Amino acid sequence: MNNSYSEQILNKFAAKQWEKTLAYLQNQFNLSRIDCEDIFQDSFITLHQQILSGKLAEMSASLTTYFISICRNKAFERLRRNGTTVLLEDQFPHAKEDSFVDEQIDKLIALDNSDDDIIEKRKQSLVKQIVKDLPSPCNELLWAFYRDGFSMKTLAQMFNYKSEDAVKVTKHRCCEKFKMRFEESIKHLF
Amino acid sequence: MNDNKEYIFDERIARYMKGEMSEEETLSFEQELKTNYELRAKAIVMARMAKAMKSVGQQDDQQVIDAIQSVKASAVTSMAKKISKPSIKLSYRRMSLAASVVILICVGLYYNDYYSTVSLGEKYSTAFVEEQSLLRGSTLTEVEEELKALYANVQNGENLKETIHRLSILWELSTMDTYNDYTDHAPYIGWYLACAELMNGENDKSKAILEELLGYNKDNKEFCLLIQELLEQL
């Protein structure tokens, strides 16, 4: 991979992680901005080392989940060094395993009963197009829930919502919009 | 369909997909899917979304992993530093030179286009001052306090990024079918969000919000005229 192209990809990924990592660390651990900056930078170094050593080979969780898990662990270390004990009940997803089970997802999709492979492939392709083109705040929220597996509490902290209920309401609305867009679009497939 | 039922559907579908249900719950849920069309339709769409996000997400993640493997540790460190500490310290002389170059470029190439968009936002962000009597009282609710601060940010062009993010969330909430704390404030939230996007140079986003506002406020002719006036200038 060409170096400047690699750096572009890396910059884009890091920029996507920064705001939500900062918000999460500040809201969850009450850390200063400087501490969050240090943790963010150290976590990227750790991520680099772990990728080079092949530790991510069997990972099914998202890279975002894994990266933020590293940040979370470093936050714990920092607080422990400062003599602060932190007890968390935030239902944080597993760092390396996907929260959503493929078998369960496939069972639901199978209810859609299409024996036509071509139609099924078109539907899959359509959904992929839609998920790549979601408007904000649905884009951030739905990806963070359905791909990264974060809980409502974590989402509220990451995206500065006032409460978990506010996240639930917005997520629900985003799901409804997604459903409408999908149902409208499949009409044009036939 | 009432909202609580909808939220319960969302939660049950997510728990099913995560394999968090007991055997008994799973059987009951699968049985209900056979008879409840609404639940089934929603579950299928959510499952498709989760599957697509996993597929697209894995491809994107692999690109990032490949990129990380191909750069040096020092490049990763400096990139992370740059992203998390965006302010750059320059000597006074460099700052003056940089500022002069930026001004020249703006005047020469981007002035007309950028300035007209931002100044439209600035001009129209003060259009609603007389309508905000409910935010002038000495005893405001928490919601009203927050909105007052957000509108002030837009009028003063301060903290635009954070303000736009927060107003986007409130716009979603205020335009929901269910009445909530933000419903009555929807026209103002939408208006200030549209102005903020303009001030941020995002014409298209502003237009989309203004068009949505027109749809929601058909009965308010004065407001519609104002929205149309702004739309014509975009």
Side-chain angles (χ1 to χ4, degrees), chain A residues 1 3 5-7 9-11 13-15 18 22 36-37 40-41 44-45 47-49 51-52 56 62-63 98-101 104-109 111-112 123-124 127-128 130-132 136-137 142-143 145-147 149 159-161 166 168-175 178-179 182-183, chain B residues 3 6-7 10-11 13-14 16-19 30 33-34 40-58 60-61 63-71 73 75-77 79-85 142 146 162 165-166 168-169 172-173 175-176 178 180 205 208:
Chain A
M1 198 185 260
N3 252 7
Y5 179 67
S6 298
E7 283 171 8
I9 303 238
L10 210 47
N11 271 319
F13 176 74
W18 169 236
L22 175 65
C36 295
E37 285 170 4
F40 183 80
Q41 290 158 30
F44 257 100
I45 296 168
L47 181 68
H48 181 253
Q49 288 165 351
I51 286 174
L52 290 186
L56 270 60
S62 74
L63 198 58
D98 191 359
S99 300
F100 288 87
V101 179
Q104 299 298 96
I105 290 174
D106 288 339
K107 272 196 214 174
L108 291 176
I109 294 174
L111 296 171
D112 204 2
K123 282 184 180 176
Q124 285 174 18
V127 177
K128 283 181 188 175
I130 299 175
V131 301
K132 287 180 191 175
S136 187
L142 293 180
W143 275 90
F145 185 81
Y146 287 102
R147 173 56 184 147
F159 300 112
N160 289 315
Y161 283 80
K168 210 183 278 189
V169 162
T170 310
K171 176 185 156 289
H172 171 73
R173 178 138 170 99
C174 290
C175 288
F178 177 88
K179 186 167 170 280
F182 173 70
E183 286 169 351
Chain B
D3 292 324
E6 289 190 45
Y7 299 143
D10 286 355
E11 200 185 314
I13 293 166
Y16 181 82
M17 291 201 291
K18 288 182 178 184
E30 287 175 351
L33 284 172
K34 291 177 188 171
R40 185 167 75 248
K42 180 129 200 203
I44 290 168
V45 172
M46 294 302 103
R48 286 194 178 281
M49 178 168 64
K51 191 174 178 103
M53 283 184 169
K54 182 166 183 173
S55 172
V56 172
Q58 279 176 332
D60 289 347
D61 286 349
Q63 269 202 325
V64 176
I65 290 170
D66 291 344
I68 289 178
Q69 280 172 329
S70 68
V71 300
V76 172
T77 312
M79 177 270 314
K81 216 175 244 184
K82 199 170 118 189
I83 296 285
S84 58
K85 285 185 196 279
E142 209 181 296
E146 189 194 9
E162 291 88 350
H165 177 72
R166 184 67 187 145
S168 299
I169 293 167
E172 284 289 326
L173 285 170
T175 51
M176 278 187 62
T178 322
N180 58 62
K205 285 184 183 177

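Heavy-atom basis, side chains included; hydrogens, waters and symmetry copies ignored. All values derive from a computational prediction rather than experimental measurement.
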Heavy-atom proximity to chain A below 4.5 Å, by part of B/Lys34: neither

Does the plane of the ring in B/His165 sit parallel, tilted or perpendicular to the ring in A/Phe159? Use 30° and 60° as the thresholds. tilted

Using a cut-off of under 4.5 Å for heavy-atom pairs, which of A/Asp98, A/Leu142, A/Ile45, A/Ile109 has the most such pairs with chain B? A/Ile109

Within the 3.5 Å criterion, strictly below it, is a donor on B/Ser70 or A/Ser6 matched to an acceptor on the partner's side chain? yes

Reported CD-to-NZ distance for the pair A/Glu37 and B/Lys81, which is rounded to 0.5 angstrom: 10.5 Å

Once you round to the nearest 0.5 Å, how far does OG1 of B/Thr175 lie from CZ of A/Arg173? 4.0 Å

Residues, nucleotides or ligands: over 12 heavy atoms within 6.0 Å of B/Glu11 CD: no

If you count heavy-atom pairs within less than 4.5 Å of chain A, which of B/Ala73, B/Ser168, B/Ala75 leads? B/Ala73

CE/B/Met79 to CZ/A/Phe44 distance, rounded to the nearest 0.5 angstrom? 4.5 Å

Dump the intermediate steps for side-chain contact (heavy atoms from CB on, under 4.5 Å) on B/Lys54 and A/Phe100, then the final yes or no. CA-CA 9 Å; B/Lys54 182 166 183 173; A/Phe100 288 87; over 6 Å; no

Would the distance check show the side chain of A/Gln104 and the main-chain N or O of B/Lys18 forming a donor-acceptor pair, the cut-off being under 3.5 Å? no

Quick check for you: to the nearest 0.5 Å, what is the distance between B/Glu6 atom CD and A/His172 atom NE2? 3.5 Å

Hey, does B/Val71 have a side-chain heavy atom less than 4.5 Å from the side chain of A/Glu7? yes

Toward chain A, the part of B/Glu162 with a non-hydrogen atom under 4.5 Å: neither

By disulfide bond (SG atoms under 2.5 Å apart), which residues pair with A/Cys174, not counting sequence neighbours? A/Cys138

So does B/Asp61 pair up with A/Arg147, basic N to acidic O under 4.0 Å? yes

Checking B/Ala14 now: which residues fulfil side-chain contact (heavy atoms from CB on, under 4.5 Å) with it, not counting sequence neighbours? A/Phe145

Show the nearest heavy-atom pair for residues B/Ala52 and A/Val127, with the distance to one decimal. CB-CG1, 3.4 Å

Closest approach of A/Phe40 and B/Ser84, non-hydrogen atoms and distance? CD2-CB, 3.8 Å

Can you measure from CG (A/Leu22) to CD1 (B/Ile83) and round to the nearest 0.5 angstrom? 13.0 Å

Under a 4.5 Å cutoff for heavy-atom pairs, which residue among A/Asn160, A/Asn11, A/Leu56, A/Leu47 has the most contacts with chain B? A/Asn11

List the atom of B/Ala50, the atom of A/Tyr146, and the distance in Å for their closest heavy-atom pair. CB-CD2, 4.2 Å

Per-residue tally against chain B (heavy atom, under 4.5 Å) across A/Phe182, A/Phe13, A/Tyr161 peaks at A/Tyr161

Name the one of B/Ile68, B/Val64, B/Val76, B/Asp66 that satisfies side chain to side chain contact (heavy atoms under 4.5 Å, CB included) with A/Ile51? B/Ile68

Closest-packed option against chain B by number of heavy-atom pairs under 4.5 Å, given A/Cys36, A/Gly149, A/Ala14: A/Ala14

Bottom line for B/Arg40: the part with an atom under 4.5 Å from chain A's heavy atoms is side chain

Determine whether B/Gln69 and A/Leu52 make a side-chain contact, defined as any pair of heavy atoms from C-beta on separated by less than 4.5 Å. yes

What pair of heavy atoms forms the shortest contact from A/Ile105 to B/Ala47, and how long is it? CG2-O, 3.4 Å

Got A/Ser62 and B/Met53 here, is their nearest side-chain heavy-atom distance under 4.5 Å? no

Is any side-chain heavy atom of B/Gln63 closer than 4.5 Å to a side-chain heavy atom of A/Tyr5? yes

So NZ of A/Lys128 and NZ of B/Lys51: to nearest 0.5 Å the spacing works out to 9.0 Å

